[in-house]
Undergrad: 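Next up is a structure, given as structure tokens.
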2 protein chains.
Amino acid sequence: MKIQIDQAITQALQRHGLRPTRARQLILALIEQDNQHYTPEEMLVRLNAMGERLSIATLYQNLAKLVDKGLLVKFVGLDGEYRYDYNKMPHHHLICKSCGRIVDVLVDQTLDAIEPQLMDADGQKKLPPGWKILQRRVDFIGVCPDCSQHGTDN
Amino acid sequence: MKIQIDQAITQALQRHGLRPTRARQLILALIEQDNQHYTPEEMLVRLNAMGERLSIATLYQNLAKLVDKGLLVKFVGLDGEYRYDYNKMPHHHLICKSCGRIVDVLVDQTLDAIEPQLMDADGQKKLPPGWKILQRRVDFIGVCPDCSQHGTDN
DNA sequence: CCCTCGATTAATAACGATTCCGATAAAACA
DNA sequence: TGTTTTATCGGAATCGTTATTAATCGAGGG
């Protein structure tokens with residue numbers, strides 16, 4: 001399986017003021033076509049498997065740049081490891097405790113429902129006063145359908 | 001300011017099957033009396049400032065053991081760094097983007113309200129079917145009252 | 001009160017992930 | 001095409017964390 005670099009990726013890079021170099025095209029193409037939330041290390045393994053070579057230093061540099069320009073989002077996995085994700089709609093993650101699989105959960109407006117609830121549910125103030133909430137980090141941790149079936153509970 | 005090791009700490013250790021050694025007493029006393037969410041490094045700095053010496057290896061070993069026995073909870077900060085917290089009620093964190101201050105938000109039953117909402121709000125299924133949700137990681141990121149006043153927005 | 005043995009500590013080395021560095025190569029621009 | 005800017009690469013350096021190991025501690029038995 002070869003990696004496919006289409007026109008859209010090149011254009012996306014240029015639109016964000018980045019030169020469409022091979023390294024950047026590879027990174028974006030990989031994340032897009034695999035639709036995964038890889039760590040840097042995992043990206044390298046995957047790229048190697050597809051016959052593509054990339055220096056680890058280059059990978060890190062470009063990930064930082066892609067995040068900086070808003071093309072990717074960097075987030076922290078369950079064990080503190082960094083993972084990267086396309087910058088899609090505001091969304092959260094559904095993480096399988098058993099196999100580590102991560103799935104996006106698109107929750108645009110829905111999460112806005114949480115905050116007021118925290119503020120005054122059953123008479124108690126749950127959030128201390130005076131704080132300005134800018135964003136929320138919400139991850140759901142559970143067991144994916146595949147792992148449930150195989151009884152690989154962990 | 002000296003660190004205060006009270007009877008309760010010693011007893012808590014014993015209750016969890018741990019010998020009440022100096023290292024463990026120091027760690028628990030520090031977290032309790034400062035009521036902070038320190039990283040290991042921060043704990044050392046703090047302890048040194050109070051005239052207490054502790055090998056970093058010992059610190060790490062004991063943090064692991066305290067987490068293992070359920071006295072502390074290890075969690076991942078905004079930048080992927082490890083932080084430790086007393087194992088209180090299920091709760092989430094309120095993190096100041098400006099000064100890094102972290103405050104606990106006790107949200108026992110309240111968060112249970114989120115899940116059904118995600119499932120069927122406005123007709124769309126937000127969570128994919130077949131997943132068993134075991135826990136949620138929820139952090140609120142914002143600006144604390146102090147930082148709001150001083151205009152140290154970041 | 002001292003001995004003994006397992007638990008704990010602390011120093012050091014080892015480790016993995018990330019970043020820095022200097023030289024070479026590629027892309028953009030004139 | 002020549003020049004300038006930016007990217008790439010491999011290796012060394014750094015950082016936080018863990019493993020190793022020898023010295024020390026401490027509770028219970030004699």
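Just so it is clear, the structure is predicted and the values come from calculations on it, not from any experiment. Order of the sequence lines fixes the chain letters, A, B, ..., with proteins taken first and strands second; residue numbering starts at 1 for each chain.
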Undergrad: If every non-hydrogen atom of B:V76 is compared with every non-hydrogen atom of A:D79, which pair is closest and at what distance?
TA: CG2-C, 4.3 Å
Undergrad: For A:D6, give me all partners under side-chain contact (heavy atoms from CB on, under 4.5 Å), at least two apart in sequence or on another chain.
TA: A:A8, A:I9, A:E32
Undergrad: Atom CD of A:Q25 to atom C1' of C:dA27: distance rounded to whole Å?
TA: 12 Å
Undergrad: Could you tell me how far apart A:M43 (CE) and C:dA17 (P) are, to the nearest whole angstrom?
TA: 14 Å
Undergrad: Minimum heavy-atom separation for B:P40 and B:L59, please, with both atom names.
TA: O-CD2, 3.3 Å
Undergrad: Where do B:T39 and B:Y82 land on the side-chain contact (heavy atoms from CB on, under 4.5 Å) test, with the steps shown first?
TA: CA-CA 6 Å; B:T39 62; B:Y82 290 133; over 6 Å; no
Undergrad: Report the distance from atom CG of A:D79 to atom P of D:dT18, rounded to the nearest whole Å.
TA: 11 Å
Undergrad: What are the residues of residues 49-68 of chain B, sorted by number, that bring a heavy atom to within less than 4.0 Å of DNA chain D?
TA: B:A57, B:Y60, B:Q61
Undergrad: Check side-chain contact (heavy atoms from CB on, under 4.5 Å) between B:I31 and all other residues, then give those that pass, not counting sequence neighbours.
TA: B:I27, B:M43, B:L72, B:Y84, B:Y86
Undergrad: Quick check on contacts: within residues 11-24 of chain A, what sits under 4.0 Å from DNA chain C by heavy-atom distance?
TA: A:R19, A:P20
Undergrad: Please list, chain by chain and in numerical order, all residues satisfying side-chain contact (heavy atoms from CB on, under 4.5 Å) with A:I3, sequence neighbours excluded.
TA: A:L26, A:A29, A:L30, A:Q33, A:L47, A:M50, A:E52
Undergrad: With sequence neighbours excluded, tell me which residues meet side-chain contact (heavy atoms from CB on, under 4.5 Å) with B:L18.
TA: B:L13, B:R24, B:K65, B:L66, B:K69, B:L71
Undergrad: I need the CD-P distance between A:E41 and C:dT19, as an integer number of Å.
TA: 13 Å
Undergrad: Please identify which of these residues, B:R83, B:H37, B:Q36, meets the side-chain hydrogen bond (donor to acceptor under 3.5 Å, both in side chains) condition with B:E42.
TA: B:R83
Undergrad: Starting at atom CG of B:L26, determine the distance to atom C1' of C:dA10, rounded to an integer number of angstrom.
TA: 15 Å
